Amino acid sequence: MTLDRVRIAPSPTGPLHIGTARTALFNFFHARHTGGTFILRLEDTDVARSSIAYEKDILDGLHWLGLRWDEGPEVAGEAARGPHAPYRQMERLPRYAAAAERLIADDMAYPCYCTTEELDAERKRLEALKLPPRYSGRCANLTPEQRAAFEGEGRRPALRFRVGEGTVVIDDIVRGRVEIDVSNLGGDFVIVRADGTPLYHFTVVVDDAEMEITHVIRGEDHLSNTPKHILLFRALGHTPPAFAHLPLILNADRTKMSKRKSQTAIDDYRAEGFIPEALVNYLALLGWSTGSDDEVLSLDELIERFQLTEVNKAGAVFDRERLEWLNGQWIRRLGPDDLVERLRPFLEAELAAGRIDRLPADGELKALLPVVQERLPRLGAIGDLVGFLWVEELDIDPALLIPKRWDAATTVEALRAARETIAEVGRVSYEADELEPPLRALAEARGWKAGDLFMAIRVAVTGRTATPPLFDTLVALGHDRTLARLDRAIEALPDE
RNA sequence: GCCCCCAUCGUCUAGAGGCCUAGGACGCCACCCUUUCAAGGUGGAGAUCAGGGGUUCGAAUCCCCUUGGGGGCACCA
């Protein structure tokens, strides 16, 4: 029995897309679960839209998600891996040319001299007649003389594949038996452009055949095109692989997820502080489920449980709320050193943006983790949460300074008293446990609700009404800075 | 327009004829915990299983139709 060979074949015409990442994940799960081979192939034949920058973004993104390919292109000086190199389609041109020659020799493909304008006109005419777009086939049976005449006009031909007649049956692993009549394929389709570059439907088949792909796992948007591929496999003398068409990931309005309506770039999620564990977990459960109630699953657990046959058929709306929840779950599972390291780039971004004035040392950050970790839905929330610790001058909205049930006079009085109490505590030591009792005692002695006093202090030293626990925050801030900020707040309040 | 696919709480889903007066999770609401915010705990609202016909003793589960939604139909991938 031969091992399964699957592939992810992204096109470097945009940044790594959520949908591509999900497809990659399912292929990867299948390969790892079955002990098969996961292959990365770059489909860069749309030269006009492809770029190295996008290619890098895609490769980096897949890598960041934790996907490692067994076979793939050479990257950054590292040699290509696998027996079927190269894995970049523009470097495989001779193979497509050879395959095209074979099809021409067998008369399964023929040159088409129609111009883009002629084709467009034809399509428009059909559309006006409310007929489905379809190639007329007018170059299908040209005589050598007619061809020579077109060549004489200087026309360069594209190459079209003869679709013939009959129906094609797809035995899809997730959708079951799907039958499509060849007459609905839109006529003979172009496989090589007039400029000689091959087109997707052709390259995908040539490569899947040559790379001995056993399972094509891809989005449902390719289902209707699959008959074209099956026809080409046969024409090329290959048995088609098994197909598994995954349900689409949808915008909130249930249309295919798009950049226009959703945040689709994986890198944008990374920049917000979503961690790969969460993204992988979330994406795995979009269109597939374990059948159990377990939902927080690691990459290894997902691989262990993944079954292609359990993939759903219906499209799935991308739900950011649920992703955020999972992200929080995974952030809370991170070890302290790991979390500190992952937080670093986000703090640097805060600094670069001028939202903080200095970077905390690792130890300082680590000491903060017990009160910070469970409050981070995303790593990028760190600045919002405790950025006030690392700014020189706090900008405080004076209106916030006065607790809801208090007036300015009470607040000034309370902050002065609190300042004295805190200063007193600081003379001995300065720990959260030691701050709380005297401040509570102060509140009781003056007849204030402890919560109001704490809120006044909180806003005075952080500028915010929602923070990590107050006493830990005061300790993190340090004795001197706490006092200084209290002084400033007292000054900011109107004098009585 | 033609072809194809799909259809269970707002969302992700469990469910493969009786275990379903439909389960879980996110979100939402309430309560508990509590100095705020989170996290956590408990409870709740939320789905006549798109609708209609069959098949069957029995249907969310099988069949048909209707409706709705989506995808595809490029010298894009």
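What you see below is based on every heavy atom in this structure, not just the backbone, and it leaves out hydrogens, waters and symmetry mates. Proteins come first, then strands; the chains are lettered A, B, ... in the order of their sequence lines, and each starts at number 1. Every value quoted in this text rests on a predicted model; they were computed, and no experiment measured them.
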Next on the checklist: If the cut-off is 4.0 Å, is A/Thr197 near the phosphate of B/C75, judged by side-chain N/O to OP1 or OP2?
Outcome noted: no
Checklist entry - Are any of A/Asn225's side-chain N or O atoms less than 4.0 Å away from OP1 or OP2 of B/A77? => result no
Next on the checklist: Looking at A/Arg322, I'd like to know whether one of its side-chain N or O atoms comes within less than 4.0 Å of OP1 or OP2 on B/U13.
Outcome noted: no
Next on the checklist: Nearest to the side chain of A/Ala158, heavy atoms from C-beta on, is which of B/C73, B/G71, B/C75?
Outcome noted: B/C75
Checklist entry - Taking A/Ile180 as the fixed residue, which of A/Leu185, A/Leu223, A/Ile230, A/Thr167 is the one that meets the side chain to side chain contact (heavy atoms under 4.5 Å, CB included) rule? => result A/Leu185
Item to check | Mate of B/C9 where both pairing distances stay under 3.5 Å, Watson-Crick or G-U | outcome: none
Checklist entry - Looking across every strand, which nucleic acid part, if any, lies under 4.0 Å from A/Gly287 by heavy atom: base, sugar-phosphate, or nothing? => result sugar-phosphate
Item to check | N-O pairing of A/Arg123 and A/Glu118 below 4.0 Å | outcome: no
Item to check | Sugar-phosphate only, base, or nothing, as touched by A/His222 at under 4.0 Å among non-hydrogen atoms | outcome: base
Checklist entry - Are OP1 or OP2 of B/G40 and a side-chain N or O of A/Gln329 less than 4.0 angstrom apart? => result yes
Checklist entry - Which part of the nucleic acid, if any, lies within contact of A/Arg134, taking any heavy atom under 4.0 Å across all strands shown: a base, the sugar-phosphate backbone alone, or nothing? => result nothing
Next on the checklist: I'd like to know if A/Arg125 and A/Glu127 make a salt bridge, using a cut-off of under 4.0 Å between side-chain N and carboxylate O.
Outcome noted: no
Checklist entry - What about A/Arg458: does its side chain form a donor-acceptor pair under 3.5 Å with the base of B/U35? => result yes
Next on the checklist: If you take the centroid of each ring, where Trp contributes its six-membered ring, are A/Phe318 and A/Tyr269 closer together than 6.0 Å?
Outcome noted: yes
Checklist outcome for this item: A/Val317 has its side chain closest, among B/U35, B/G71, B/U11, to B/U11
Checklist entry - When you measure from the side chain of A/Arg332, which nucleotide among B/A39, B/A38, B/G71 comes out closest? => result B/A39
Checklist entry - Taking atom types as modelled, is there a side-chain donor on A/Gln89 or A/Thr203 under 3.5 Å from an acceptor on the other? => result yes
Item to check | Aromatic A/Phe161 / basic A/Lys228 pairing, under 6.0 angstrom, 45° off normal | outcome: no
Next on the checklist: Taking only the C1' atom of each, what is the distance from B/G27 to B/A47 in whole angstrom?
Outcome noted: 16 Å
Next on the checklist: With a 4.0 Å cutoff (strictly under), does any side-chain N or O of A/Lys228 reach OP1 or OP2 of B/G72?
Outcome noted: no
Next on the checklist: Side chains of A/Arg458 and A/Thr467: any donor to acceptor distance under 3.5 Å?
Outcome noted: yes
Checklist entry - If you look at every strand shown and take non-hydrogen atoms under 4.0 Å, does A/Leu470 touch a base, only sugar-phosphate, or nothing? => result base
Checklist outcome for this item: note: A/Asp208, atom CG; B/A77, atom C1'; distance rounded to Å ~ 13 Å
Checklist entry - Distance check: side-chain N/O of A/Ser289 vs OP1/OP2 of B/A14, anything under 4.0 Å? => result yes
Checklist entry - Under 4.0 angstrom, heavy atoms only, what part of the nucleic acid is A/Glu179 near: base, sugar-phosphate, or nothing? => result sugar-phosphate
Next on the checklist: Partner lookup for B/A16, please. Criteria are Watson-Crick or G-U wobble with both distances under 3.5 angstrom; report none if nothing qualifies.
Outcome noted: none
Report, one pair per line, the protein and nucleotides 6-10 of chain B atoms (nitrogen or oxygen only) whose separation is under 3.5 Å.
none

Checklist entry - When rounded to the nearest 0.5 angstrom, what is the spacing between CZ in A/Arg95 and CD in A/Glu210? => result 5.5 Å
Checklist entry - Checking only heavy atoms, does the side chain of A/Thr255 share a donor-acceptor pair with the base of B/G70 at less than 3.5 Å? => result no
Item to check | Electrostatic pair A/Glu277:A/Arg342 at N-O distance under 4.0 angstrom | outcome: yes
Checklist entry - Base, sugar-phosphate, or nothing: which does A/Ala316 touch, judged by heavy atoms less than 4.0 Å apart? => result sugar-phosphate
Item to check | Closest listed nucleotide, where the reference is the side chain of A/Pro133 and the choices are B/A25, B/A74, B/A77 | outcome: B/A74
Item to check | Atom pair distance, as rounded to whole Å: CD in A/Glu295 and P in B/G24 | outcome: 11 Å
Checklist entry - Looking only at atom P, what distance separates B/C57 and B/G24, rounded to whole Å? => result 33 Å
Item to check | B/A14 to B/G23 separation - P atoms, rounded to the nearest Å | outcome: 15 Å
Item to check | Nearest-Å distance for atom pair CG/P, residues A/Leu283 and B/U13 | outcome: 12 Å
Next on the checklist: Applying a 4.0 Å non-hydrogen cut-off, can you work out what A/Thr45 is touching in the nucleic acid: base, sugar-phosphate, or nothing?
Outcome noted: sugar-phosphate
Item to check | Length of the line joining A/Leu415:CG and B/U35:P, which is rounded to integer Å | outcome: 19 Å
Checklist entry - Within this structure, what is the CG-to-P distance between A/Leu401 and B/U36, rounded to whole angstrom? => result 19 Å
Item to check | Interatomic distance where CD1 belongs to A/Ile331 and C1' belongs to B/A38 [whole Å] | outcome: 13 Å
Next on the checklist: By nearest atom, which of the nucleotides B/G1, B/U35, B/C5 is closest to the A/Arg440 side chain?
Outcome noted: B/U35
Item to check | Integer angstrom distance from the P of B/G46 to that of B/C64 | outcome: 35 Å
Checklist entry - Starting at CD1 of A/Ile173 and ending at P of B/C5, how long is that distance when rounded to a whole Å? => result 17 Å
Next on the checklist: What's the closest nucleotide to the side chain of A/Pro132 if the choices are B/A77, B/A74, B/G1?
Outcome noted: B/G1
Checklist entry - Between A/Lys130 and A/Leu223, who's closer to the 5' end of RNA chain B by nearest nucleotide? => result A/Lys130
Checklist entry - Are A/Lys449 and A/Asp452 ion-paired here, with the side-chain N under 4.0 Å from a carboxylate O? => result no
Item to check | Assigned partner base of B/G1, Watson-Crick or wobble definition, under 3.5 Å | outcome: B/C73
Checklist entry - NA contact type, A/Pro468, heavy-atom cut-off 4.0 Å: base, sugar-phosphate, or nothing? => result base
Checklist entry - For B/C28, what is the paired nucleotide under Watson-Crick or G-U wobble rules, both distances under 3.5 Å? => result B/G44
Next on the checklist: At 4.0 Å (heavy atoms only), tell me whether A/Leu250 reaches a base, stays on the sugar-phosphate, or touches nothing.
Outcome noted: nothing
Next on the checklist: With a sphere of 6.0 Å drawn around CG of A/Asp195, does it hold more than 12 non-hydrogen atoms of other residues, nucleotides or ligands?
Outcome noted: yes
Checklist entry - If you pin A/Asn184 and A/Asp195 to their nearest nucleotides in RNA chain B, which one's is more 5'? => result A/Asn184
Next on the checklist: What's A/Pro247 touching, base or sugar-phosphate or nothing? Going by heavy atoms closer than 4.0 Å.
Outcome noted: nothing
Next on the checklist: Counting the atoms with a prime plus P, OP1 and OP2 as sugar-phosphate, which does A/Ser224 contact under 4.0 Å by heavy atoms, base, sugar-phosphate, or nothing?
Outcome noted: base
Next on the checklist: Taking the C1' atom in each of B/U56 and B/C63, what is the distance between them to the nearest angstrom?
Outcome noted: 12 Å
Next on the checklist: Expressed as a whole number of angstroms, how long is the span from A/Met455:CE to B/C37:C1'?
Outcome noted: 8 Å
Checklist entry - OP1 or OP2 of B/U13 sitting under 4.0 Å from any side-chain N/O of A/Asn312? => result yes
Checklist entry - What is the nucleic acid contact for A/Phe471, judged by heavy atoms within less than 4.0 Å: base, sugar-phosphate only, or nothing? => result base
Checklist entry - What nucleic acid atoms does A/Arg464 come within less than 4.0 Å of, heavy atoms only: base, sugar-phosphate, or nothing? => result nothing
Checklist entry - Should we say atom CD of A/Glu153 is surrounded by more than 12 heavy atoms from elsewhere, each under 6.0 Å from it? => result yes
